Structure formats: structure tokens, C-alpha cells
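We name chains A, B, ... by the order of the sequence lines, and we start the count at 1 in each one. Note that the structure is a prediction, hence the values are computed from the model and not measured.
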Amino acid sequence: MSDSKSTELMEKIVSLCKRRGFIYPSSEIYGGINGFWDYGPLGAELKRNVKDLWWRSMVHYRDDVVGLEATIIMHPMIWKASGHLDTFSDPMSTCRQCKKLVRSDQALEMVEDAEWFQRLQQFYTATAQSLPIAVTVEALEKLEQSVRKKAPNLALVRAREAVSARLVESASSDGAEWSNETQFLRSVSTENPGNGYAHFPCPHCGGELTEPRPFNLMFKSHYGPVESEDNVCYLRPETAQAIFVQFKNVFETSRQKMPFGIAQVGKAFRNEVTPRNFTFRSREFEQMELEFFIKPDEAVAALAGKLATAADGAWQGVPQADWGWEVWHKYWVEQRVRFYENIGLAREDFVEYWQKPDELAHYARATVDILFRFPFGVQELEGIAARGDFDLTQHQKFSGKSTEVFDEELRAAWTKLDDATRQSIKARYESTVRESLVKRGFLESDAAIQATEFSTAYIEKLAKGYYVPHVIEPSAGVDRLILALLCKAYHEVVSTDEKGKSETRVVLKFHPRVAPIKVGVFPLLKNKPELVAKAHAVRDLLRPHMTVFYDESGAIGRRYARQDEAGTPFGVTIDFETLGEKPELLDTVTLRHRDDGRQERVAIADLLPRLLPLIR
RNA sequence: GCGGGUGUAGCUCAAUGGUAGAGCGCUAGUCUUCCAAACUAGUUACGAGGGUUCGAUUCCCUUCACCCGCUCCA
């Protein structure tokens, strides 16, 4: 995944970022703080541009999305309802031998999948099913040989003589270590079976796992000056929950109708186990999230008379009244990829990963990861999840306040439906509920009863025009996108001068829309006051419309090179022809293009109309 | 949190148990008519703390950050 070459490339990017003022380590003069990064002058511009472009495309260019800016610290109960309080504190164990980190709750499952583990199971079943147990040191030695390769750190392998002697001894006396399969397996994985907690072998090497330790991924604080259990609060680990919590307010005050979305850009905080890969996994980071609320499929079917599916490619077009959640989901995936294309990333830079049903989080119906080919691997940039009504239902449950919407049209439409249609909508819903209950481990019979109960209540509400909206959530990491843009833009150009000396220059080929500085303005020479004055005039002409960098120091080539490294797409040079040395070229300038060094002569009056469409 | 590696000007790299050096960059000036020109001057460092020592950038310990691996998924 990440070889030395890609590491080298990342190191170059990191050092360029610092040298040119894109990204610095946070708190650097105090020695830095792991997992936190600051954006310098160029980085701040780049980030603003990215967030602005996202906001414009999501909110301003659409009739059906509005914005929200919520606080970072919110009522702690929100995190209980969302599940973050529970799922963000997984106990972890470390293997004493191979030092790998294992989630304690997954250890058993992982161990059971291991080949060597199955050998042990077979041995147990063959040997120990009846008492008294006839087991010899030789038999255990054979067993040890069969697992030695795959589980080199298993106690039975590490300390074969001691462990097998103990097991033989136990078999002939109390038989405690052979009392059941689990007990036996634990016994072969440790030298000291009696030292306190229940052992489990490491799934990777058979070694001994440490006691589970809690890992809490949420930043904790207190509101109010006195720290106590009663005023614990958390920095949000995602911005999305605020949107769900304010959903009713926004719905009632924005004059939006279903379906519609709420967008938010803001900081989020996660106490990552290991921040890694430059800014990719930071502990403080920024997200751009949209929660797009849609009618449940049953409501769409009742209103539109039919339900569009994803198969026909409808999602590529303009939203339609008959779209179910699947179409909306694909629609948003496509919208997001188009957004990335608009800011300089190419479709080929991405991998769309559709999560398999067994990988989905409990709240998600479908999730697509948009992965970017970073130098250090193919990694997630954005996740687009179809979350059903999970979140709004959770908050309804925990807050005791309704998150339902009332849909006048739905009520009217429902009264006009014939009985058969009503029944088929209900039947379809009922079977989905039943299936999901079974998947969650309910017995067929119980699931059927519950599903009938649920669907009856649900359809009754629907008939009156009430439902809890479902949601599609495109959630992108700003800092990750910045990093992707930097990696994509990074180019090295090797040039050889007439003396045969070659040198490597760096060019950041940002799309003009995201480039921190849009245009460099240069007088060809700085010791000619007329050139300087004219250059100032050009700078002032452009400045109200775009970021401009004026530079008069050093040779012109040097100034071009410096702007290339900052990713400035255009350079404007004022020379003697601008001043009228050749009358026909009066008031024209050189417009230089970063990516190919191409130069053209452009009238000053044409600069704005030329440049503006390229940077907007 | 565990293991391995790294830490000297902004960058690349030297040297040394006794005052730290170069190239590039950067800043200013002279000059310069389109891709890191030249000249002059200036600029800046031993990651932090402690110990051994008459004296530590160098030896020892601790710590911090970064990189690689385990975990994570915006």
C-alpha cells in the first residue's frame, strides 16, 4: 500500500506545504501536538475556496437545500441518542507478543475465523468429549506442530513443555482445564491460567492479549466552571447530529417542503487512536455534511402512484416526484462526483466503494464510500449513506419530541387510493420490516408479529399524512479534500539550463477555482517607475474580483516559478509594450499560463472577462 | 497505547567532548526587456528537559514531534 516511493512523495508534499504556508504543525514552537494542523496563508485561502464552492453548489445553486450553523458543544443526550457515546468507546486489547491492537468485542469472532484455531477445536472435540480424558504429552506435541506456523506465539507453542505438562496434569486430576471447549482454548493460550481475567489468544499470532482497556474517541469537557458528573459535555464527533436535532425548527421556518436538505460546514473532533498520513486523520477536522430528507418510499408510492427504482438510470437526471430512497442515494453519489470534477479531480482518481450488506452500520441501508487515490493508499474522502429514518427516530425517542412531518398532499392522496394499493404498500413495508428484524436476530415468528404491529401503526400515521422523514447523507471531510487537491496538484518539472545543470521545480496545478491566488501581477522590471505604476493599476483593477499577488522582486522567471509553486494559475506581466513601445500593443499585457508556460497578449480591458469565467 | 526509525539554519547536507560550516532559499540594494541570471550586504540551527563532565550538539536518561506498522473510515 504505502511503499517508500509514496512515502517520499508525501514527505515532499508535507514539506512544501510548510515551506509555502499551506499547512503547519499546530503549536509547533511548543513541540507540536499530535493530530492537529494549522492552515497558513495559502492553505486558508484554499480551504475557504473549497468550502465556499461546496456551499454554493449545495445551498445557493439549489432550491431544495438550506444551511445551518450549529454549536460544537450540544446537549450530551444527543450523543446517547446517536449512538456515539456507546460505539465510540470500544474496549481494546493489545497482543503481548505481536503488539497488534484488537477490538475486544471482535476478538472472539476473529479468533474463530483463524485456521489454527479450528485445529485446536478439532483436537478438543476428538480428545476431550468423554471423561476421564486420555491425553498424552505426545498428542499435545502433535497438536503444537500443527498450529506452530500460524500461531507462533500461542502459549502451547511458546512454552510447549510447561503448558502440555500442566494440561496432562489437569486432565488426570480435576479436569478443570478440559471442562469445556472455551476453557480448553483459553488454557492453551496462556502460561498462567489463574491470573485474573479471561484470556483470549491474539487472532493474528495466538499470543496473549492484555486486559481490555477503554478507548473513548470523543473529546470530553464540562460546561460551567465546576467539573462534575452532571455537566459533562462533548465536542461533537460529527456535524450531522445538529442537523437532525434542529430538523423540526428548520422545516418549520424555512418554508421548505419535503424532500429538502440541510447543509452544514464545521469543525468536528475525534480522539483518534493514531492520527496518521499528514492531515488525513486529524483529531480536529472539518466536515461538509448534507442531510437530505426524503419521503419514505411508502409515501412516495402513495403520492406518485409508483416508485422509481435505481435500475433505469433516472438518478442521472433531475429529481422526480416518484424517486424512492435508492434513486435519491445514487443521485447524490453522482452529484458529489460531479462536484469533485468541477474542482479539478477526475473520475479516475476515485474508487466508488459500495459497502456490502454485512459491512453496513446498523443504521445504514446503503453506504457508498468515495475513495481517493492518495499516495499512501486508496482512502475515503466522502461517505454517502442512506440512513433511513434511524436518526430522527432516535431523537424522537430520546427527546420525547416528535420529529414527524405532516404532509397535506399525502393525506389527500391516501384517501383517493383504492384498497388494493393501500394493501400492497402496507405489505411491502411489512415484509421489509420483517426481514430487517430477522437479520437483527429475531425469530421468524416474533419478527412476523412485530412487523405486523409496526406496519399497522405506520400505515395509520401515513394515512393521516404523518411520517418521519428518511435521509440521505453525503458527508465529506474538508481537510481530506484539501489533501487530495494538494496531492493531485503536485507536479515536479525538471528543466535543464544551457550549462547542462538540471533542476527540479514544483508546480501545483490547482484548478483555478480552488487556487489560493488566482493571478500574479508583475512589472517586468522594478526600476522603471512607469512599469511599476501600470502594474499597480492592473493589480487594483483585478483585486476586487479575485486574489491577486503583486511581486516586483528579482527576475521575472523567478517570480513565475514562485507562483507556480503556490499554484497560481495565471501571471500578468506589464512590459514596455504595455506602455506603448509598439503603439498597436498599448495597454496589452502578457498573460502567462501556469501549467504549460504558454503566453499570450491580452488587452488590459479584456483581463476580467477572460479570467472571471475561469475562476468562478 | 505498543514496536521500529528520524530529529543540526526555511530547505539539502557537513563537522566536533572545548567558539557550529557550505550550497540553495529568504530580505535589502545595484543591475536586469519574459521562465529560479550576476554582484554586494544581511538573515537564520544543534526538537525540549534533566544527568555525567571543568566543559555536551556530541555520552546517558526522560520527554515531544514526525515517518513506518497494529487500530481507524470525514
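Using a 4.0 Å heavy-atom criterion, one finds that Gly383(A) contacts the sugar-phosphate atoms exclusively. At the heavy-atom level, Asn527(A) lies under 4.0 Å from base atoms of the strands shown. As judged by a 4.0 angstrom heavy-atom cut-off over every strand, Leu481(A) is placed among residues making no nucleic acid contact. Looking at heavy-atom distances under 4.0 Å, Glu284(A) makes no contact with the nucleic acid at all. Within the nucleic acid shown, Phe280(A) comes within 4.0 Å of at least one base atom, counting heavy atoms only. Within 4.0 Å (heavy atoms only), Phe278(A) reaches sugar-phosphate atoms of the nucleic acid but no base atom. Asn277(A) comes within contact range of the sugar-phosphate backbone alone, with a heavy-atom separation under 4.0 Å but no base atom that close.
Not counting sequence neighbours, Trp325(A) has no partner by the ring pair (Phe, Tyr, Trp, His ring centres under 6.0 Å) test. Every side chain to side chain contact (heavy atoms under 4.5 Å, CB included) that Gln335(A) has, sequence neighbours left out, goes to Arg62(A), Tyr331(A), Trp332(A), Arg338(A). Residues passing the side chain to side chain contact (heavy atoms under 4.5 Å, CB included) test with Pro569(A) are Pro512(A), Ala515(A), Arg594(A), sequence neighbours excluded. Applying the side-chain hydrogen bond (donor to acceptor under 3.5 Å, both in side chains) criterion to Arg48(A), with sequence neighbours excluded, gives no partner residue.
For the pair Arg336(A) and Tyr340(A), the cation-pi criterion (under 6.0 Å, within 45° of the ring axis) is fulfilled.
Taking the C1' atom of each, rU44(B) and rC26(B) are spaced 10 Å apart, rounded to whole Å. Annotation: rU12(B) and rC67(B) have their P atoms spaced 15 Å apart (nearest Å). Rounded to the nearest Å, the gap between the P atom of rC54(B) and that of rG69(B) is 46 Å. rG21(B) and rU63(B) are spaced 30 Å apart, taking the C1' atom of each and rounding to whole Å. When the C1' atom is compared between rC24(B) and rA37(B), the two are found 15 Å apart, to the nearest whole Å. Taking the P atoms as reference points, rG17(B) lies 44 Å from rG29(B), given to the whole Å. Here, rG18(B) and rC35(B) have their P atoms 50 Å apart, quoted to the whole Å. On the C1' atoms, rC61(B) is 49 Å away from rU40(B), given to the nearest whole Å.
Two rings, from Phe376(A) and Phe278(A), have their centers 6.0 Å or more apart. Note: His593(A) and Phe570(A) meet the aromatic proximity criterion, with ring centroids under 6.0 Å apart.
Results of the side-chain contact (heavy atoms from CB on, under 4.5 Å) test with Tyr490(A) over Val507(A), Leu16(A), Leu485(A) single out Leu16(A) as the only residue that passes. When each of Lys267(A), Lys51(A), Arg236(A) is checked for a salt bridge (Lys or Arg N to Asp or Glu O under 4.0 Å) with Glu286(A), only Lys51(A) meets the rule.
Set against rA74(B), rC67(B), rA36(B), the side chain of Gln287(A) has rA74(B) as its closest nucleotide. Nearest to the side chain of Arg601(A), among rC34(B), rU32(B), rC68(B), sits rC34(B).
Open room surrounds CD on Glu69(A); 12 or fewer heavy atoms of other groups in view lie less than 6.0 Å from it.
Listed in residue order, the members of residues 555-563 of chain A having a heavy atom less than 4.0 Å from RNA chain B are Ala555(A), Ile556(A), Gly557(A), Arg558(A), Tyr560(A), Ala561(A), Arg562(A). Of the residues in residues 35-57 of chain A, those lying under 4.0 Å from RNA chain B by heavy-atom distance are Gly35(A). A heavy atom closer than 4.0 Å to some atom of RNA chain B occurs in Thr573(A), Asp575(A), Phe576(A), Glu581(A), these being the qualifying members of residues 570-587 of chain A.
Dashed line: the shortest gap from a side-chain N or O of Lys526(A) to OP1 or OP2 of rG29(B) is under 4.0 Å.
Applying the salt bridge (charged side-chain N to carboxylate O under 4.0 Å, His left out) rule to pairs touching residues 556-565 of chain A yields Arg19(A)-Glu565(A), Arg20(A)-Glu565(A), Arg505(A)-Asp564(A), Asp551(A)-Arg562(A), Asp564(A)-Arg592(A), sequence neighbours excluded. The stretch residues 568-580 of chain A participates, sequence neighbours left out, in these salt bridge (charged side-chain N to carboxylate O under 4.0 Å, His left out) pairs: Asp575(A)-Arg601(A), Glu577(A)-Lys582(A), Glu577(A)-Arg601(A).
Aromatic ring orientation, Tyr560(A) versus Phe522(A): perpendicular (interplanar angle above 60°, classes split at 30° and 60°).
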So which protein nitrogen or oxygen atoms get under 3.5 Å of nucleotides 4-10 of chain B's nitrogens or oxygens?
none

Please produce a list of atom pairs where a protein N or O lies less than 3.5 Å from an N or O of nucleotides 40-48 of chain B.
none

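Between the side chain of Glu272(A) and the base of rA74(B) there is at least one donor-acceptor pair of N/O atoms closer than 3.5 Å. Side-chain atoms of Thr7(A) and base atoms of rC67(B) include no donor and acceptor less than 3.5 Å apart. Side chain Glu565(A) to base rA36(B): a donor-acceptor pair is found below 3.5 Å.
Arg347(A) and Glu334(A) are joined by a salt bridge, as a carboxylate oxygen and a charged side-chain nitrogen come within less than 4.0 angstrom of each other.
Using a 4.5 Å heavy-atom threshold, the side chains of Gln264(A) and Gln246(A) count as separate.
Summary of the strand contacts: Asp479(A) and Gln599(A) both lie near RNA chain B, and taking for each the nucleotide with the nearest heavy atom, the more 5' one is attributed to Gln599(A). If Ser553(A) and Leu371(A) are placed on RNA chain B by their nearest nucleotide, the residue sitting closer to the 5' end is Ser553(A).
Between the side chains of Tyr353(A) and Gln355(A), no donor-acceptor pair of N or O atoms lies under 3.5 Å. A donor and an acceptor atom, one from each side chain of Thr239(A) and Glu289(A), are located under 3.5 Å apart.
At whole-Å resolution of the value, CZ in Arg20(A) and C1' in rC26(B) are 11 Å apart. In this structure, Met10(A) places its CE atom 13 Å from P of rC66(B), rounding to the nearest Å.
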How does RNA chain B look in dot-bracket form if you count Watson-Crick and G-U pairs under 3.5 Å, write [ ] for pairs that cross, and put | where a base pairs with another strand? (((((((..((((....[..))))((((((.......))))))...(((((..]....))))))))))))....
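Counting all heavy atoms, side chain and backbone alike, Leu483(A) lies closest to Asn277(A) at CD2-O, 3.8 Å. In terms of heavy-atom proximity, Ile517(A) sits nearest to Gln563(A) at CD1-OE1, 4.0 Å.
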Step-by-step side-chain contact (heavy atoms from CB on, under 4.5 Å) determination, Phe22(A) to Trp37(A): CA-CA 10 Å; Phe22(A) 282 98; Trp37(A) 300 90; over 6 Å; no
Full working for side-chain contact (heavy atoms from CB on, under 4.5 Å) between Phe510(A) and Leu46(A): CA-CA 10 Å; Phe510(A) 289 126; Leu46(A) 180 61; 4.0 Å; yes
